[in-house]
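Here the structure comes first, spelled out in structure tokens, and everything after it is commentary.
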Amino acid sequence: MNQTIPRGIHVAIIMDGNGRWATGRGQLRTAGHIAGARTVRRIVETAPGCGIGTLTLYAFSADNWRRPSREVALLMRLFRRYLVSEVARCVTNGVRMRIIGRRDRIPAELLRAITNAEHATRDGRKLELRIAVDYSSRDAIMRAAAKLPAGMPDGDRSRHAFARLLSSVDHGIGESRDVDLLIRTGGEQRLSDFLLWECAYAELYFTRRMWPEFAPADLSTAVEEFHARERRFGTVPEAAAG
Ligand code: IPE
Ligand code: IPE
Ligand code: MG
């Protein structure tokens with residue numbers, strides 16, 4: 001399989017606020033999840049035009065199993081429906097889909113849809129779309145650490161080796177890629193166990209906008225703000241370097 005990563009920045013989004021959006025309108029939380037799935041479609045279509053090469057979406061955390069079983073069941077059905085309905089569009093638009101996270105606890109029908117979607121979209125090169133389901137960054141780091149050979153020296157080679165392990169334990173492709181821009185909708189300002197290693201130098205962008213109402217223009221605004229920021233990675237600005 002050609003594992004080339006599409007060019008462009010890596011944007012990760014914590015898609016939060018579905019429930020509050022719905023209850024705020026007098027609807028059930030589930031209506032928020034249904035509306036949220038429509039937002040996913042719009043944002044995926046907009047992403048390549050914003051210079052995004054990899055888009056990682058947080059859809060369901062390992063801790064989300066603690067929600068009421070009816071909500072969990074609906075979310076699992078929605079993920080499956082989304083995958084089945086989007087495959088053809090993704091193939092047409094050059095989107096390669098990858099579901100990251102644990103696979104041993106999700107329903108069998110969803111697992112089949114995941115395998116099919118990944119296989120059908122494997123040649124997409126315009127956008128790598130990674131959807132995190134049953135995902136916990138801390139668990140992933142622990143599982144990767146357990147596979148790290150003893151006595152690895154410090155330094156970049158070990159770091160790259162670890163990034164490859166980290167990706168592989170969650171069914172990713174190649175080395176886990178650093179996040180350039182992390183967006184969280186819904187107003188909370190926390191990571192909720194998402195991509196802790198990959199966000200080491202990510203620019204953080206929090207918006208009060210709830211996920212169902214997050215529009216393509218909001219994504220463009222976030223990416224524009226990202227480009228206006230100065231990333232220093234521990235160094236000093238050129239002008240100050242003397
Ligand atoms: C995010 O929206 C979707 C999932 C976690 C599955 P929430 O369901 O967390 O919505 P709020 O935060 O309760 O509004
Ligand atoms: C994080 O949102 C997970 C997803 C968006 C999928 P939560 O709503 O579960 O996070 P907390 O509980 O507010 O931290
Ligand atoms: Mg939430």
Side-chain angles (χ1 to χ4, degrees), residues 10-44 47 52 54-86 97-107 109-111 113-114 117 129-141 170-172 176 179 181-199 202 204-215 218-219 222:
H10 181 186
V11 172
I13 308 183
I14 301 176
M15 309 184 289
D16 197 21
N18 290 351
R20 279 166 288 157
W21 177 82
T23 50
R25 295 156 55 105
Q27 297 174 344
L28 295 174
R29 290 177 57 83
T30 49
H33 296 314
I34 291 165
R38 288 196 287 272
T39 304
V40 173
R41 188 172 302 140
R42 288 195 292 270
I43 292 305
V44 169
I52 298 171
T54 304
L55 179 65
T56 306
L57 302 176
Y58 204 5
F60 190 86
S61 74
D63 287 325
N64 288 150
W65 291 113
R66 296 156 67 192
R67 294 187 177 201
S69 59
R70 281 182 61 178
E71 180 169 345
V72 170
L74 174 105
L75 284 166
M76 295 298 147
R77 281 201 303 278
L78 273 182
F79 297 147
R80 182 175 165 275
R81 206 184 297 162
Y82 175 83
L83 293 176
V84 171
S85 71
E86 291 311 296
M97 265 200 225
R98 205 75 206 169
I99 309 305
I100 61 165
R102 282 179 62 165
R103 294 198 177 177
D104 55 328
R105 302 192 288 194
I106 54 181
E109 321 85 73
L110 175 57
L111 196 54
I114 288 174
L129 170 62
R130 309 189 324 148
I131 303 178
V133 176
D134 195 2
Y135 177 86
S136 157
S137 186
R138 286 202 291 203
D139 282 2
I141 289 170
D170 268 336
H171 312 277
S176 74
V179 173
L181 168 64
L182 176 91
I183 299 172
R184 182 170 186 146
T185 61
E188 312 294 358
Q189 303 194 0
R190 53 179 172 253
L191 295 178
S192 303
D193 201 7
F194 190 43
L195 301 174
L196 303 179
W197 166 280
E198 295 85 343
C199 281
L204 308 181
Y205 183 93
F206 299 106
T207 168
R208 299 176 78 87
R209 195 110 44 217
M210 300 292 152
W211 179 249
E213 59 194 11
F214 188 75
D218 297 317
L219 180 65

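In listed order, ligands and their atoms are each counted from 1. Sequence positions, counted from 1, serve as the residue numbers for this chain. FYI, side chains are in, hydrogens and waters are out, and symmetry mates aren't considered; it's all heavy atoms of this structure.
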Neighbour list for ligand 1 [protein residues, heavy atom under 4.0 Å]: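 Residues M15, D16, G17, N18, G19, R20, R29, H33, A59, N64, R67, L75 each place a heavy atom under 4.0 Å from ligand 1, listed by chain and number.
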Which segment of R184 sits under 4.0 Å of ligand 2 when only heavy atoms are counted: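 Looking at R184 and ligand 2, just side chain atoms fall under 4.0 Å.
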Partners passing ring-ring contact (aromatic ring centres under 6.0 Å, His included) against F194 (at least two apart in sequence or in another chain):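 Once residues adjacent in sequence are excluded, the partners of F194 under the ring-ring contact (aromatic ring centres under 6.0 Å, His included) criterion are Y58, Y135.
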Indicate the atoms forming the closest heavy-atom contact of [X] with [Y], along with that distance.
{"X": "A22", "Y": "G32", "answer": "CB-N, 3.5 Å"}
{"X": "V179", "Y": "L182", "answer": "CG1-N, 4.0 Å"}
{"X": "V72", "Y": "R67", "answer": "CG2-O, 3.7 Å"}
{"X": "R102", "Y": "D170", "answer": "N-OD1, 3.8 Å"}

Crowding at CZ, R81 (>12 non-hydrogen neighbours, <6.0 Å):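 For R81, atom CZ is not crowded (no more than 12 foreign heavy atoms under 6.0 Å).
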Within 6.0 angstrom of R41 CZ, more than 12 heavy atoms from elsewhere: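 More than 12 heavy atoms, drawn from other residues, nucleotides or ligands, come within 6.0 Å of this atom.
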Nearest to the Mg ion (ligand 3) - the N/O/S atom of D16, by atom name: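 This residue's closest N, O or S atom turns out to be OD1.
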Atoms in ligand 2 flagged as close to R190, the criterion being non-hydrogen separation under 4.0 Å: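 Heavy-atom distances to R190 below 4.0 Å select 11 (P), 13 (O), 14 (O).
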